[in-house]
4 protein chains.
Amino acid sequence: MTLAKPFLSDNAAAVHPRVWDAMRKADQPDNPYDGDRLSAELDARFTALFGRECAALWVATGTAANCLALGTLVQPHGGVVCHAEAHIEVDEGGAPGFFLHGAKLMLAQGEGAKLTPEAIAAFVDPIRNDVHQVQPHAIAITQASEYGRAYTPGELAALAAFAKDRRLGLHMDGARFANAAAFLGGSAQTAARAASGPVDSLAFGFIKNGGMGAEAVVLFDPERAMDVRYRRKRAGHLQCKGRYLAAQILAMLENDLWLANAAHANAAAQEVAAGCADRLLHPVEANELFVRLTEAERAALRAQDFAFYDWGADSARFVTAWNTRPEDAQALGKAIAAL
Amino acid sequence: MTLAKPFLSDNAAAVHPRVWDAMRKADQPDNPYDGDRLSAELDARFTALFGRECAALWVATGTAANCLALGTLVQPHGGVVCHAEAHIEVDEGGAPGFFLHGAKLMLAQGEGAKLTPEAIAAFVDPIRNDVHQVQPHAIAITQASEYGRAYTPGELAALAAFAKDRRLGLHMDGARFANAAAFLGGSAQTAARAASGPVDSLAFGFIKNGGMGAEAVVLFDPERAMDVRYRRKRAGHLQCKGRYLAAQILAMLENDLWLANAAHANAAAQEVAAGCADRLLHPVEANELFVRLTEAERAALRAQDFAFYDWGADSARFVTAWNTRPEDAQALGKAIAAL
Amino acid sequence: MTLAKPFLSDNAAAVHPRVWDAMRKADQPDNPYDGDRLSAELDARFTALFGRECAALWVATGTAANCLALGTLVQPHGGVVCHAEAHIEVDEGGAPGFFLHGAKLMLAQGEGAKLTPEAIAAFVDPIRNDVHQVQPHAIAITQASEYGRAYTPGELAALAAFAKDRRLGLHMDGARFANAAAFLGGSAQTAARAASGPVDSLAFGFIKNGGMGAEAVVLFDPERAMDVRYRRKRAGHLQCKGRYLAAQILAMLENDLWLANAAHANAAAQEVAAGCADRLLHPVEANELFVRLTEAERAALRAQDFAFYDWGADSARFVTAWNTRPEDAQALGKAIAAL
Amino acid sequence: MTLAKPFLSDNAAAVHPRVWDAMRKADQPDNPYDGDRLSAELDARFTALFGRECAALWVATGTAANCLALGTLVQPHGGVVCHAEAHIEVDEGGAPGFFLHGAKLMLAQGEGAKLTPEAIAAFVDPIRNDVHQVQPHAIAITQASEYGRAYTPGELAALAAFAKDRRLGLHMDGARFANAAAFLGGSAQTAARAASGPVDSLAFGFIKNGGMGAEAVVLFDPERAMDVRYRRKRAGHLQCKGRYLAAQILAMLENDLWLANAAHANAAAQEVAAGCADRLLHPVEANELFVRLTEAERAALRAQDFAFYDWGADSARFVTAWNTRPEDAQALGKAIAAL
């Protein structure tokens, strides 16, 4: 299968050469599991990036990263407020139900798959404070959101204040955290801090951004890390050759590769957006575009060798990646404009 | 840390060059998850190897492989009979309790960490057939066992007949399946079939044998595969760049690399064994040696730069790997003999 | 607290004298758990009532009854389609998440908290048939519904046909099954069969209808009963003096007390309805009334010593019971009419 | 079935008349669930009895009482150290695995099914402090033990000190707590405090001692009670007519009926023991006797209309109850002596 101009997803893109290099360098004897020298660097590296103490653990998938982090914030009899279109609700095969032992996802609404304190309150306030109803224990947001929208530092601060007021944990699904950070701009530190705000935990995604199979669970309350370490093992996610996962993450952090890759993908998305501003369902703030296109128009694009997913009956989703060729992005933008 | 003569474990050994090559070849666009061309080959490849229809799925760890397979054989209110020293009981952080929703591990005894129908019956027969006691649903054995012992085809047939008679599933933890197969001998097909016998499912290990992070869950009742696919996703084990895992496994199968690597490790173990036959706690049938050694003797070996784990107060465990240098194995054998 | 004219709920009503008598008669030595003579009668009694073979088990709460029955129809990685206002979703403290090991409740819509094949299809059809999305395994309906609506035999047949076509189990929460049966009319057999239709399992409620603490889990596929027996024990619901629960249920079945009690409650509800037909939010088909009433009107009723719950800002819920005094029901109807 | 001289178990004995009376008195309108006046008294009544602040909740079975209490002490990835013959391990159908979400029971040894700090240390100390092995989170002991042995205040203090030192919770399964308290002697307060010592939680049994279907979960850290309340609902154990359960417990506490009933049963056991002191497998400290008896001897006793369970091949278990007739106990003692 040749995907000449692939806009299906960033989740199957090739691995970045510097990630490969780092993995190869890790190919020497070291301690198993996370006892190796590379894994030992993670806490310090993420602490430096975010400017506040944290613990960081590798794990092979975003699904596991989110669920392991949420496990520190939610008891089995509690609930997690998330957007009705959140990935953890829609596309993770019920993983939160498994990892959280039957805790409930509570589905709030919000434009662009983003939550606001008001939207959460609208859902949470009617819950009677009695044992017959599941009580919320945490909030989960996605940065960038499932519609490619970025939370601003102000929005995150408001959510965190709300969470604190209601005594709820606040977790961030950062499968495309880098793209949100790149959108918010500034140095790696500035961008990372702006994009994460004061959340309690973050599933920091690298796989969609040039990695192979390593995400970071970042816990800003490091005391919770030990529980996560036990639960990671218990979930079969403690790989014995963990150094290859640590190597991927460190390579992505090195020289801010994570930010550069995301900036590249975002720029490609803007190239496309330039050709279809009037058709966009959502502002383009990361590397995803949701574009109003008829069935015939989609067929016309596919005839030009563009690969992408339908999004409902009248739209399509295009995703750019760290390795999207600028000429492909420009071509796509022009092709849509020419429809 | 330099581990000049490493006998700590095979679980952190380097990745085989042909596995690396296969992973690099997979570094081109393809479908995500297990929709890629490589993952699609697995069922047929394992069916050919074992000579009976099976479904095969990649997963990143043996812990997950065992638990996902057991999930098709055991209901949450049932139990799994395993050896009291089985890895799933002792060293998987309670993963079976998590994946099997609280099903019980039932600990039988047996020499060399091997089970026999008699040993299982001795445990199972006193269980009252009433709802107050957890009923066994399956048996889990380890090939090669936690003490490096191989089940023979005759032993496996007897266990399978017993399991069938009692209506129990039979699962094989094959973290070192290749070493057992190499011990039993013959072509790849002959060895694989002999070592697996008529089990219902097998966690076929590659990581300790030259892989990086891919094991195969092999289900000889392919109808059960769909459940495992859902559960794999639900457990956060469906990696989006799954083709890199499939590539590892296919590389291991190609030209029987899995068997050659295991034969190499087994041969190295025999080199060591030659120097300490009188000190062995268990016959050496795979790539692990359990050797009676005083504290002073162990210190003397470590002073010669041999790395290994203590095994209780009076013994040590040595593990060879696909890349153990013959001269290191010989040196170790001689060093022990010279104590 | 004196509740002179209690319409709060049927769930705390006194216990029927004949239930008391039966419990006292059970106060002699017998086997523990469900090994007693009374428990042994249940299967046959319910088989006779429903006219098809079934197994029946006592359990202390409707929550447990529903969840234990659903456990035979749904795997942990699957889902249960229910109404968004179903009791199992709204008012059981997340019990399905616990008993079903994280299986998902899938919330469909429908007038009067009733489901239809069309409403279920509207929810289920967009679910992609892949491992990323939880697949439905069963449907749960409530008879009478949470708004006191009864499913007709025709509606049940349509749901069962739909369920069969989609290979979904069909469970009925019958917390107020008797009230629905009484509404549908006829002899006990006729009414029970009409109200249950061809469901796979039924949580047959007695507690709201004159019992103390015993509901029946009725499984129309008796082969599934053994699993439920194990799960009942595992959930701590196998009481050692189970004969007192069996006695309650048998007393309710004896001379069709269950139907007579429900008919009484339904008649009382009709008395009330006669006074507020123009204010009803839902047709009154069982023993619950949802009545449009302003805050001032509700205060006026409470000043007359009527006890009931608010239902949102502009309505109230009134529930009649097996022991509602007809004069109280008439008085309530008149009081509302006079507002 | 007539059980003329029943020594099978106390678990199916009739209900005490004063319990019946209390239940009948509760047969008037009140709030559902645990919102009634009787349930509201429990905390204060148990606080007075034990002389330290506690919360107390009714629940229908000892299985649920133990598991709900343990749920406040153990995380899903942890373990509970209990005796290998503990009821929660042997006879609760895997309930701890269900309620504790797969947490592990860790089986220590000890004479008379009693644990000591030394026995626990012998089990716990070899557990490596790493994520590959399940770590203990709590200890569960049974008072009186499964062999009818009572822990003394000194033994309880030693266990509590050990637990505190190791940062483990300490739970007491008190299915026959009253019998242990009666053995230790003194007023109700004195006996209750002596028998409970400084445990963190207690499942205080009433069912085997004259109740019908109500045990108390007593939490000496009342802050944990709210979690238990949520979990009780979630497990389907919040009965809507909870006042009948509260009534049972209050009746048992009233005028120390619980202690008088247990003293009666204990005295009956001593009557039996007087006839078989030389055959006893365990000292008789509560209401259970384990007596060496050949098959022929057991047949001879049964021919005299004594009902009891075999205990292995060469022994029998006899259990007395609150309503054991002294003449039956004497007759049994004499019959054994005459063998």
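The shown structure was predicted, so the numbers you read here are calculated from the model rather than taken from an experiment. Residue numbers begin at 1 in each chain, while the letters A, B, ... track the order of the sequences.
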A:Lys104 side chain vs A:Pro76 backbone, donor-acceptor pair below 3.5 Å: no
Atom group of A:Gln135 that falls short of 4.5 Å from chain C, counting heavy atoms: neither
Any donor-acceptor pair under 3.5 Å from C:Arg128 side chain to A:Asp91 backbone: no
Residues A:Asp314, A:Arg292: salt bridge by 4.0 Å N-O rule: no
Part of C:Val131 lying under 4.5 Å from any heavy atom of chain A: backbone
Partner chain C: residue of A:Ala95, A:Gly78, A:Gly97, A:Gly79 with the largest heavy-atom pair count (under 4.5 Å): A:Gly97
Pair A:Phe204 and A:Phe206, ring centroids less than 6.0 Å apart: yes
Residue C:Glu92 versus chain A: region with a heavy atom under 4.5 Å: backbone
Pi-cation contact, C:Phe308 with C:Arg317 (under 6.0 Å, within 45°): no
Top contributor to chain A interface from C:His101, C:His77, C:Glu89 [non-hydrogen pairs under 4.5 Å]: C:Glu89
